[in-house]
Amino acid sequence: MLDIKLIRSNPEYVKERLKTRDEAYALMIDELLAVDGERRRIISEVETLKAEKNKLSKEIGLLYREGKKEEAEKAKEAVQAKNKKIEQLEKELKDIESRFNHILLSIPNIPHESVPVGEDEEDNVEIRRWGEPRKFDFEPLPHWEIGEKLGILDFERGAKLAGSRFTVMYKEAAKLERALINFMLDLHTKEHGYTEVWTPVLVKPEILIGTGQLPKFEEDLYKVCDEDLYLLPTAEVSLTNLHAGEILKEEELPKYYTAYTPCFRREAGSHGKDVRGILRQHQFDKVELVKIVKPENSYEELEKLVQEAEKVLQLLELPYRVVELCTGDLGFSAAKTYDIEVWIPSQNRYREISSCSNTEAFQARRAKIRYKTKEGKNQFVHTLNGSGLAVGRTLLAIMENYQKPDGTFDTPEVLKKYM
RNA sequence: GGAGAGGUGGCCGAGUGGUCGAAGGCGGCUCCCUGCUAAGGAGUUGAGCGGGUUUUCCCCGCUCCGAGGGUUCGAAUCCCUCCCUCUCCGCCA
């Protein structure tokens, strides 16, 4: 959520910045300001009436004590008249307030000045590469073929149990999944100072509003039937919202959280994309990294966050590149995002395995996460999140990059003690 | 799921219809005292929103005592619904 005060005081700036994402957002700003004006007009009116009403009510109490019954009765009638007006205005206000909130919650974050302006994926900027894609002296197979031949990935039975984009894993694959989770958690807790967290994977709607998945992206989420709960699409949601509604002490910051959770996504609108294999599943494992920091540090922290995620791939010796997303490709809540893309031999290209973002105060404002400064002021924190990493995609990358001519694959050295 | 108890400010805790944003204590902050520490004394200390004033220094107002409704001129206080916590029972991994 953007700061309404910023939008009010500098609408042209906000519009220009949002246009770098999509031209259409300028109109939303105009609409929002119109609704905001109306909203404030009604608030003023209601509050004036309430002030008068409160004053009268107090007087009624005094009149009764003095035994002036008749005057009291008269005053009662006056208050009743005011109450009628108040009731009517509050109805209007409720309506306009929900429109106001809906618009404000549907406006994406302003991209940071450093973000390259562009339309889509094509305009993303490669920042660096690490490792050399391996030269195969045989034709490398896609992971689904390796997995099926070895009898460790079972797409048919996955579909039988739950439908398309669900997979069953056996033996080495299942074990490797578990090893990767432990390896990643150990790395981030022992080397990078993160606190390990275990969270619910069902969350309330207001929690998803806090991180920006709702109200706009409901179609991407699984909702539990008969209950007002959603399946977690990423642990970013539960970790960031740990401190929703709280005012933290300055000395508590920064907070670094990591959690392994399964993630659930409907993948609405990606029909036909990556249909084979485990690259895009409705259920996948992820180790997530979340940072809650002071505003002045957040960009430094973003650079560190990317490096911490990269470290996983370096230790696994998987070639990757880091890409800076352009304005048009930026996620809803993000002010700046780096994607890490791992080399996929069968596709002869890099594919996303991590996304690291600074949302600045965008989520903090929605989730009301603040801290008290030394001067005693309550200020919104900045929140960051990154995959550290997507476990299924890491597994697939290992299967493909470490594959051998006989159809098997090696285990990366650092994982051996986890197997 | 059943029965009972309860949810009040950073924490503890009082308050059963008006003068309560809320006693008291703890903690925090400021000042005084003090050789250091400890103790002591005085004061101060919730959040959001709207408006004024202008800028971060105030002033006015509205809202908030788990959430949402209701009764009333007036609700922390009375009524209803829901949520959560605790105790006992049931069930269960």
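Protein chains get the first letters and strands the later ones, always in sequence-line order, with residue 1 at the start of each.
For an aromatic pair to be called close, the ring centres must be under 6.0 Å apart, and A/Y402 with A/F409 fails this. The distance between the ring centers of A/F217 and A/F332 falls below 6.0 angstrom. A centroid separation of 6.0 Å or more is found between the aromatic rings of A/F264 and A/Y230. Ring to ring, A/H382 and A/Y371 are not that close: their centroids are 6.0 angstrom or more apart.
Out of B/G50, B/G61, B/U63, the shortest distance to the side chain of A/A51 is found at B/G61. Of the candidates B/G18, B/G50, B/C62, B/G50 carries the atom nearest the A/S44 side chain, counting heavy atoms from C-beta on. Side-chain atoms of A/I60 lie closest to B/G18 of the nucleotides B/G18, B/C62, B/U56. Of the candidate nucleotides B/A47, B/G74, B/C49, B/A47 has the atom nearest to the side chain of A/K372. Proximity note for A/S57 (side chain, C-beta onward) versus B/U63, B/G74, B/C49: the nearest is B/G74. Listed nucleotides: B/C73, B/G61, B/A47. Nearest to the side chain of A/N378: B/A47. Across B/C62, B/G50, B/A47, the shortest atom-to-atom separation from the side chain of A/I247 is found for B/A47. Candidate nucleotides B/C49, B/G61, B/A47 were compared by shortest atom distance to the side chain of A/R370, and B/A47 ranks first. Distance from the side chain of A/K76 is smallest to B/C73 among B/U63, B/U56, B/C73. Across B/A47, B/C73, B/G50, the shortest atom-to-atom separation from the side chain of A/V79 is found for B/C73.
B/G50 is paired with B/C60 under the Watson-Crick or G-U wobble criterion, all donor-acceptor distances under 3.5 Å. With a cut-off of 3.5 Å on both pairing distances, B/U72 has no Watson-Crick or G-U wobble partner at all. Here B/U34 sits opposite no nucleotide as a Watson-Crick or G-U wobble pair (both hydrogen-bonding atom distances under 3.5 Å). Nucleotide B/C86 has B/G4 as its partner under the Watson-Crick or G-U criteria, with both atom distances under 3.5 Å. Remark: B/U81 base-pairs with B/A67; criterion is Watson-Crick or G-U wobble with both hydrogen-bond distances under 3.5 Å. B/G10 is paired with B/C26 under the Watson-Crick or G-U wobble criterion, all donor-acceptor distances under 3.5 Å.
Of the P atoms belonging to B/G18 and B/C29, the separation is 37 Å, rounded to the nearest Å. Atom name P, nucleotides B/C26 and B/A42: the rounded distance is 12 Å, in whole Å. Taking atom P on both nucleotides, B/A22 is separated from B/U63 by 14 Å, rounded to a whole Å. For B/C57 and B/G69, the C1' atoms lie 41 Å apart once the distance is rounded to whole Å. Taking the C1' atoms as reference points, B/G41 lies 35 Å from B/C64, given to the whole Å. Across B/G21 and B/C49, the matching C1' atoms stand 16 Å from one another, rounded to whole Å. With C1' as the reference atom, B/C60 and B/G7 are 34 Å apart, rounded to whole Å. When the C1' atom is compared between B/A76 and B/G43, the two are found 28 Å apart, to the nearest whole Å.
We find that CG of A/D36 is positioned 7 Å from P of B/G50, with the value rounded to whole Å. Remark: C1' of B/C73 and NZ of A/K55 are 15 Å apart, rounded to the nearest angstrom. We find that CD of A/E87 is positioned 12 Å from C1' of B/G70, with the value rounded to whole Å. Nucleotide B/U72 holds its P atom 14 Å from the CD atom of A/E73, rounded to whole Å. With rounding to whole Å, A/I42 atom CD1 is found 19 Å from B/C62 atom P. Atom CD1 of A/I43 is separated from atom C1' of B/C49 by 7 Å (rounded to the nearest Å). At whole-Å resolution of the value, NZ in A/K5 and P in B/G48 are 9 Å apart. Distance CG (A/L229) to P (B/C83): 12 Å, rounded to an integer number of Å.
Contact between the side-chain N/O atoms of A/R8 and the OP1/OP2 oxygens of B/G50 is found at a separation under 4.0 Å. Proximity of A/N54 to the phosphate of B/C62: a side-chain N or O atom is located under 4.0 Å from OP1 or OP2.
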How far apart are the C-alpha atoms of A/F155 and A/R276, what are their side-chain angles, what is the distance that settles it, and do they pass the side-chain contact (heavy atoms from CB on, under 4.5 Å) test? CA-CA 9 Å; A/F155 302 103; A/R276 302 206 68 180; over 6 Å; no
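Under the 4.5 Å side-chain criterion, counting only non-hydrogen atoms from C-beta, A/I353 is not in contact with A/Y320.
Ring geometry for A/H188 against A/H192 counts as tilted: the plane angle lies between 30° and 60°, on a 0 to 90° scale.
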